[in-house]
*Asks:* 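Below is one structure. I have some questions about it.
When reading the values below, keep in mind they use all heavy atoms of this one structure, side chains included, and skip hydrogens, waters and symmetry mates. Note that the structure is a prediction, hence the values are computed from the model and not measured.
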Amino acid sequence: MTIIVTGSSGLLGRPLVAALRGAGERVVTLVRREPRDGDEAFWKPSEGVLDPAALAGARAVVHLAGAPIAGRRWTAAYKSELVRSRVESTRLLVGALGRLPQRPEVLVSASGIDFYGDTGDRVIDESAGKGSGFLPDLCERWEAEARAAGELGIRTAQLRTGLVVSGRGGALGRMLPIFKIGLGAPLGSGRQHWSWISEQDWLNATLRVLDTPELSGPVNLTSPTPVTNAEFTRTLGAALRRPTMPVPVPGFALSLGLGEFARELLTGHRILPAKLTAAGFGFAHTSLGDALRAVL
């Protein structure tokens, strides 16, 4: 039996594939280039290309593919790419699963806590509804395509992931250069909550979701201890043993540099992982300082 993984070259896909193979699982990754061996299979979501035979014999599918949310200005064309790379790829994948005579047990699909929109100081878990804005709407469409696999008799879970604390890139990787020279600063008011999770906890939680039939639907992959942006700033500076700036970066300056995406940095997400907690999941890192020191 095989586990299929999309987005295997990404920040989270690489360690997930390594962990699965290290546990003795056969993993086949879907790639957009010529496959190098029998552990890779070709697909091209932008053109609707995926041979269902590539998924044959799979017991599980983990779908992580999608264009990066951060790192580029949100032009109209790039916002369309953000939608297309998630919604259409998920629809293609589920359609191919529907043509299999024997379907996998579970589809675990990526999503984000952006689903909830700006939660302010409210504490939110998986029972909360969708927020308003581009990213909540995107997450809703993305998750709806994944849920369609449930109509095929496949357990589905949507991983609503927070800010991943990783030493190999991602959001933290973009922050490090400026913090290392002592210019890290709160963003806007600094009072907005950032829900985070260490890379190790994300990995362990994803493996738990894969192997726990009771975990389905949206699952928040966040630490149980969200922090404000100002707290994140101070903690990261302390972990690097570098000072941080006392004056916050104003919102208008972020908008000048980052465009529409700047609003997401000023949006608060105070999210709790209620389903993981109820399932008895033990977090390796509930302290942001400990998580940062582990990866730095």
Side-chain angles (χ1 to χ4, degrees), residues 3-8 10-25 27 59-66 69 90 104-116 123-128 139 142-143 146-147 149 154-172 193-227 232 269-295:
I3 297 178
I4 306 293
V5 178
T6 76
S8 61
L11 177 72
L12 299 175
R14 287 181 184 273
L16 177 63
V17 169
L20 289 170
R21 287 177 174 160
E25 300 279 3
V27 179
R59 75 169 182 90
V61 178
V62 183
H63 179 38
L64 304 178
I69 294 289
T90 309
E105 301 167 5
V106 58
L107 167 64
V108 174
S109 184
S111 185
I113 58 171
D114 307 288
F115 174 89
Y116 302 108
V123 178
I124 299 296
D125 63 19
E126 291 92 345
S127 65
C139 288
W142 191 8
E143 293 185 7
R147 283 197 305 271
I154 301 170
R155 174 171 66 94
T156 65
Q158 297 83 48
L159 306 180
R160 292 179 178 168
T161 298
L163 187 159
V164 177
V165 175
S166 169
R168 299 180 303 102
L172 181 61
H193 279 84
W194 281 13
S195 287
W196 59 276
I197 186 168
S198 71
E199 180 182 302
Q200 186 61 55
D201 280 330
W202 182 92
L203 178 60
N204 292 342
T206 300
L207 296 175
R208 174 68 69 88
V209 172
L210 269 174
D211 292 330
T212 306
E214 294 76 23
L215 285 172
S216 62
V219 181
N220 292 337
L221 266 59
T222 62
S223 161
T225 52
V227 298
F232 194 102
H269 299 297
R270 196 176 186 183
I271 313 299
L272 296 183
K275 287 189 176 181
L276 284 177
T277 300
F281 179 76
F283 286 85
H285 302 110
T286 56
S287 160
L288 176 62
D290 289 346
L292 288 169
R293 284 187 287 273
V295 300

*Asks:* With sequence neighbours excluded, what pairs up with Thr225 under the side chain to side chain contact (heavy atoms under 4.5 Å, CB included) test?
*Replies:* Trp196, Ser223, Thr286
*Asks:* Do the non-hydrogen side-chain atoms of Leu207 and Leu16 ever get within less than 4.5 Å of each other?
*Replies:* yes
*Asks:* Restricting to ring-ring contact (aromatic ring centres under 6.0 Å, His included), what partner residues turn up for Phe232, sequence neighbours left out?
*Replies:* Trp194
*Asks:* When you check the side-chain N and O atoms of Thr222 and Asn220, is any donor under 3.5 Å from an acceptor?
*Replies:* no
*Asks:* Could you give the distance from CG (Leu292) to OG (Ser287), rounded to the nearest 0.5 Å?
*Replies:* 8.5 Å
*Asks:* Only counting residues at least two apart or in another chain, list the ones meeting salt bridge (charged side-chain N to carboxylate O under 4.0 Å, His left out) with Glu25.
*Replies:* Arg59
*Asks:* What's the separation between atom CG in Asp114 and atom CZ in Arg160, rounded to the nearest 0.5 Å?
*Replies:* 10.5 Å
*Asks:* Tell me, please, which residues at least two apart from Trp142 pass ring-ring contact (aromatic ring centres under 6.0 Å, His included).
*Replies:* none
*Asks:* Testing the basics here: between Val61 and Pro104, what is the closest heavy-atom pair and its distance to 0.1 Å?
*Replies:* CG2-CG, 4.1 Å
*Asks:* If a pair satisfies salt bridge (Lys or Arg N to Asp or Glu O under 4.0 Å) and one of its residues is in residues 274-292, list it, with sequence neighbours excluded.
*Replies:* Asp290-Arg293
*Asks:* Determine the minimum heavy-atom distance between Ser216 and Val219, stating which atoms define it.
*Replies:* O-CG2, 4.3 Å
*Asks:* Test your reading of the model: is there a side-chain donor-acceptor pair from Arg208 to the backbone of Leu276, 3.5 Å cut-off?
*Replies:* no
*Asks:* CG of Asp125 to CZ of Arg270: how many Å apart, nearest 0.5 Å?
*Replies:* 13.0 Å
*Asks:* Applying side chain to side chain contact (heavy atoms under 4.5 Å, CB included), can you list everything that pairs with Ala146, at least two apart in sequence or on another chain?
*Replies:* Thr90, Leu107, Ser109, Gln158
*Asks:* Tabulate below the donor-acceptor pairs under 3.5 Å that side-chain atoms of residues 277-285 make, not counting sequence neighbours, or state none.
*Replies:*
| residue | atom | partner | partner atom | Å |
| --- | --- | --- | --- | --- |
| Thr277 | OG1 | Pro273 | O | 3.0 |
| His285 | ND1 | Ser198 | OG | 3.0 |

*Asks:* Would you please name every residue forming a side-chain hydrogen bond (donor to acceptor under 3.5 Å, both in side chains) with Ser111, sequence neighbours left out?
*Replies:* Glu143
*Asks:* Locate the shortest heavy-atom distance separating Pro15 from Leu203; write the atom from each residue and the value.
*Replies:* O-CD1, 3.9 Å
*Asks:* Check whether any side-chain N or O of Arg155 sits under 3.5 Å from a backbone N or O of Glu214 as a donor-acceptor pair, and report yes or no.
*Replies:* no
*Asks:* Would Leu210 and Leu20 count as a side-chain contact (heavy atoms from CB on, under 4.5 Å) if you check the C-alpha gap in whole Å, the side-chain angles of each, and the deciding distance to 0.1 Å?
*Replies:* CA-CA 11 Å; Leu210 269 174; Leu20 289 170; 4.2 Å; yes
*Asks:* Taking side chain to side chain contact (heavy atoms under 4.5 Å, CB included) as the test, write out the residues that go with Leu272, two or more places apart.
*Replies:* Val123, Pro226
*Asks:* Output all residues satisfying side-chain hydrogen bond (donor to acceptor under 3.5 Å, both in side chains) with Arg168, sequence neighbours left out; order by chain, then residue number.
*Replies:* Glu199
*Asks:* Work out which heavy atom in Val17 is nearest to a heavy atom in Ser8; give both atom names and the distance.
*Replies:* CG2-CB, 3.9 Å
*Asks:* With rounding to the nearest 0.5 Å, note down the distance linking OG1 in Thr206 to CG in Asp201.
*Replies:* 10.5 Å
*Asks:* Please check this pair: side chain of Ser195 against backbone of His269, looking for a donor-acceptor N/O pair closer than 3.5 Å.
*Replies:* yes
*Asks:* What's the spacing between Leu221 CG and Leu12 CG if we round to 0.5 Å?
*Replies:* 9.5 Å
*Asks:* Specify the closest pair of heavy atoms between Ala149 and Thr156, including all atoms of both residues, with the distance to one decimal.
*Replies:* CB-CG2, 3.6 Å
*Asks:* So, for Ala171 and Leu163, which heavy atoms are closest and what is the spacing to 0.1 Å?
*Replies:* CB-CG, 4.0 Å
